[in-house]
Number of protein chains: 2
Amino acid sequence: MKLNTDILILFGNKVKTLRKEKGISQEELAFRSDLHRTYIGMIERAEKNITLKNIEKIANALEISILDLFK
Amino acid sequence: MKLNTDILILFGNKVKTLRKEKGISQEELAFRSDLHRTYIGMIERAEKNITLKNIEKIANALEISILDLFK
DNA sequence: ATGTGACTCGTAGTCCGTA
DNA sequence: TTACGGACTACGAGTCACA
């Protein structure tokens, strides 16, 4: 798949970092955000071009604002 | 289409507001962001669940950071 | 200058696995 | 626990004619 645009890499790394800070697994984040386990992995690896609604879901699952995902 | 989720409405309104502040038309924004005229309209009306790459395009076209789109 | 319905096509997103 | 693959379905991307 390999999209790997800058913005996707940036976003994926941010999710990964924030997820680890919370000390939860991809599976747990997937569960909390109501997204699929493998999909979370793909986002962190910048292999998918995530949509706005799912960005919101992940922000909620991480208990942060969308703003924090782009800092 | 009519998606109209909160986050999409919020985002659409933000784009519209910022676009008008810059004093440009949907057509002009479409041109600058390399997206279609009607597509920009759909985003402002919250009828499409936009992806991250296109969010970036619009931010660039408005000469702002993605962060500003979520404030 | 913008809204809308209809359309094609590519990809977002799911689900099954294996290592 | 995560990466990655194949196969699949749903929906976003992108365009058009017309109001």
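We name chains A, B, ... by the order of the sequence lines, and we start the count at 1 in each one.
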What is the distance, rounded to the nearest whole Å, between atom [atom1] of [X] and atom [atom2] of [N]?
X: B:K53; N: C:dA12; atom1: NZ; atom2: P; value: 7 Å
X: B:Q26; N: C:dG3; atom1: CD; atom2: C1'; value: 9 Å
X: B:N49; N: D:dC11; atom1: CG; atom2: P; value: 10 Å
X: A:I43; N: D:dA3; atom1: CD1; atom2: P; value: 13 Å
X: A:E44; N: D:dT1; atom1: CD; atom2: C1'; value: 12 Å
X: B:L52; N: C:dA12; atom1: CG; atom2: P; value: 11 Å
X: B:E47; N: C:dA6; atom1: CD; atom2: C1'; value: 13 Å

Proximity to DNA chain D (any heavy atom under 4.0 Å), residues of residues 14-21 of chain B only: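 Contacting residues: none.
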Under 4.0 angstrom between B:T51 side-chain N/O and D:dA13 OP1 or OP2: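 Affirmative; the distance criterion is met.
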Pick out the pairs of N or O atoms, protein on one side and nucleotides 14-19 of chain D on the other, that lie under 3.5 Å.
residue	atom	partner	partner atom	Å
D:dG14	OP2	B:N54	ND2	3.4
D:dG14	O6	B:K48	NZ	3.4
D:dC16	N4	B:T38	OG1	3.3

Among all residues two or more places apart in sequence or in another chain, which pass the side-chain hydrogen bond (donor to acceptor under 3.5 Å, both in side chains) test with [X]?
X: A:Q26; value: A:E44
X: B:E63; value: B:K22
X: B:N54; value: B:Y39
X: A:S33; value: none

Check: B:T51 main-chain N/O paired with A:N49 side-chain donor or acceptor under 3.5 Å: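 Here the side-chain-to-backbone pair does not exist.
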Donor-acceptor contact below 3.5 Å, side chain B:R45 vs main chain B:G12: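 No, B:R45 side chain to B:G12 backbone: no donor-acceptor pair under 3.5 Å.
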Closest to the B:S25 side chain, choosing from C:dG3, C:dT2, D:dG12: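 Ranking C:dG3, C:dT2, D:dG12 by closest atom to the B:S25 side chain puts C:dT2 first.
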Least distance between heavy atoms, A:K14 atom then A:L69 atom: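 Taking every non-hydrogen atom into account, CG-O, 3.4 Å.
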Side-chain touch A:E28/A:R32, heavy atoms, less than 4.5 angstrom: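 When only atoms from C-beta onward are counted, A:R32 and A:E28 do touch, with a gap below 4.5 Å.
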Gap between atom CZ of B:F70 and atom CD1 of B:I7 - 0.5 Å precision: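 Answer rounded to 0.5 Å: 6.0 Å.
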